[in-house]
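Okay, structure first, notes after.
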2 protein chains.
Amino acid sequence: MAKTRQSTQLQPQPLYKKAELEMTGRIASGRWKAGSILPNEFALAEEFGISQGTVRKALMAMEARGLLSRAPGRGTMVCRTTPEESLYAFFRLRDAEGAMVVPVLRTESIEIGEPTEAERAVLGQKCARVARLYRVRENEGRPFVLEHMSFDAARIEGVADDSPLPSSLYPYLHDRFGMFIVKVHEEVTADVAPEDVAQALEIAPGTPVLRTKRIAHDLSDRAVELRQSWYRTDFASYQVELSRSDS
Amino acid sequence: MAKTRQSTQLQPQPLYKKAELEMTGRIASGRWKAGSILPNEFALAEEFGISQGTVRKALMAMEARGLLSRAPGRGTMVCRTTPEESLYAFFRLRDAEGAMVVPVLRTESIEIGEPTEAERAVLGQKCARVARLYRVRENEGRPFVLEHMSFDAARIEGVADDSPLPSSLYPYLHDRFGMFIVKVHEEVTADVAPEDVAQALEIAPGTPVLRTKRIAHDLSDRAVELRQSWYRTDFASYQVELSRSDS
DNA sequence: AAGTGGTCTAGACCACCCT
DNA sequence: GGGTGGTCTAGACCACTTA
């Protein structure tokens with residue numbers, strides 16, 4: 001029966017990988033929008049000219065990456081980053097009991113300007129103007145983090161008109177500009193609060209603070225955000241789970 | 001042909017999950033030792049009374065967790081935590097260029113004592129004695145981290161006889177005591193160096209340092225180590241990659 | 001040359017969700 | 001009741017490692 005093996009195994013890329021790249025591209029380009037339901041496995045298989053099992057392998061990999069949500073009876077859906085819950089995918093601050101602190105937005109300001117050398121190095125040499133977003137968040141009435149974010153202004157044209165932006169920035173960027181951030185690199189260090197940070201966080205200058213530098217990447221693995229944050233350490237700390245296998 | 005579907009789908013656990021648990025248990029118990037080659041997929045399938053494809057699904061999940069290493073022609077091997085390279089699965093300190101710092105062991109001391117309340121809370125109430133390991137590591141001749149580690153002494157009986165221990169502690173624990181650490185929770189905060197830490201790290205008291213608290217878990221998900229570390233921040237920082245999907 | 005895992009296909013039954 | 005993904009099986013060809 002299974003005689004017609006076309007034996008096109010010469011491809012450097014396995015078929016399931018090609019299917020995954022194709023489908024990831026459709027999400028990145030906005031052709032498949034967040035929340036929409038994909039065609040079923042057999043339809044995709046026919047479209048790609050591969051078998052249903054191979055499509056499934058690609059779909060399951062994308063589900064594992066958090067791009068898709070699958071359920072029997074319902075189908076396969078493009079994940080929405082949207083609701084507040086899902087936003088905190090990259091928010092690692094927890095209190096002493098391990099509970100997530102609720103970071104309520106207190107102040108926000110936006111400016112457009114010339115990129116610095118550091119910003120250009122991250123966002124790309126072609127970046128002509130940067131949009132900078134400054135925020136202070138509070139928890140239970142006390143300020144606890146100051147955030148400085150930089151984006152290529154061309155990629156989020158008109159952002160200033162929406163200010164104040166939603167507290168959950170990434171779902172907003174996804175819905176408004178199709179900027180889907182899926183991975184961030186974060187660098188954590190200890191520092192003493194400089195004057196301006198101390199003032200924003202309402203602590204004495206010289207108090208130790210956590211300082212993080214983040215580079216966020218979109219679906220195409222482009223660096224799209226540069227962020228620096230200063231955290232008070234008196235009621236929350238930075239917590240992560242590390243496993244063998246994530247090198 | 002495929003008529004004999006026993007339809008025993010009433011099981012709450014899928015067959016591949018049961019196979020994975022069984023095989024994980026064999027590694028945890030030492031029945032399958034690090035570095036050894038497993039029987040091939042068909043042999044395992046016959047032993048478990050399931051098909052080769054189902055065994056493969058379990059094996060691939062274990063490979064993704066970093067427990068197994070698979071390669072065509074060679075077979076499936078239980079990962080060794082051993083060589084220096086692999087040890088640093090949980091070591092997150094990188095210099096400004098993102099290169100891993102080489103943490104050379106400078107001093108080490110071991111003591112056995114009564115568990116504190118905090119140690120008992122993590123290591124278990126049945127823990128009667130704790131083995132504490134104190135280390136200072138240096139990089140390019142400069143001390144940069146002070147580590148305090150606590151274990152249930154009963155689980156690493158005789159550890160003091162091996163002092164000084166290898167620089168890479170986890171491979172040693174794996175080989176010597178079958179303690180296979182696969183996951184750690186780490187909590188990072190900023191602090192000013194207390195007197196003793198400052199002395200060990202050769203910095204002025206009051207200098208800001210990164211302080212991390214780690215709880216390490218073995219294959220059975222037991223908390224087996226409590227560790228507190230203080231890092232100088234002048235030539236390395238704590239760096240992590242975060243992805244959507246790891247909640 | 002023999003044996004392994006990697007890829008791919010085809011098809012079965014099931015639980016579940018929706019209308 | 002029709003359709004979806006979840007599970008499981010069976011079998012094919014391939015590239016690679018090892019000896």
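Throughout, protein chains are lettered first and strands after them, A, B, ... in sequence-line order, and every chain is numbered starting at 1.
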Below 4.0 angstrom, which residues in residues 65-76 of chain A have at least one non-hydrogen atom near DNA chain C? A/P72, A/G73
Tell me the interatomic distance from [X], atom [atom1], to [N], atom [atom2], rounded to whole angstroms.
| X | N | atom1 | atom2 | result |
| --- | --- | --- | --- | --- |
| A/E46 | C/dC8 | CD | C1' | 18 Å |
| B/E63 | C/dT4 | CD | P | 17 Å |
| A/K18 | C/dC8 | NZ | C1' | 13 Å |
| A/F48 | C/dC8 | CZ | P | 14 Å |
| B/Y16 | D/dG5 | OH | C1' | 12 Å |
| B/I37 | C/dG5 | CD1 | C1' | 12 Å |
| B/F42 | C/dG5 | CZ | P | 9 Å |
| A/L15 | C/dT9 | CG | C1' | 11 Å |

Looking for any heavy atom pair under 4.0 Å, which part of the strands does A/L59 touch: base, sugar-phosphate only, or nothing?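 Result for A/L59 = nothing.
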Sequence neighbours excluded, which residues qualify as salt bridge (charged side-chain N to carboxylate O under 4.0 Å, His left out) partners of [X]?
| X | answer |
| --- | --- |
| A/R65 | A/E20 |
| B/D221 | B/K183 |
| A/E147 | A/R137, A/R227 |
| B/D95 | none |

Can you tell me how the ring of A/H174 sits relative to the ring of A/F180, calling it parallel under 30°, perpendicular over 60° and tilted otherwise? parallel
So B/F144 and B/F235, would you call those rings parallel, tilted or perpendicular, with 30° and 60° as cut-offs? tilted
Which pairs with one or both residues in residues 45-55 of chain A pass salt bridge (charged side-chain N to carboxylate O under 4.0 Å, His left out), sequence neighbours excluded?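 Pairs touching residues 45-55 of chain A that pass the test: A/R26-A/E47.
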Counting heavy atoms from C-beta on, name the nucleotide in D/dC8, D/dG5, C/dG5 closest to the side chain of A/N40. D/dG5
Side chain of A/S51, heavy atoms from C-beta onward: which of D/dG6, C/dA10, D/dC8 has the nearest atom to it? C/dA10
For B/Q52 and B/K57, take the nucleotide of DNA chain D holding the closest heavy atom to each; which residue's nucleotide lies nearer the 5' end?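 Result of the comparison: B/K57.
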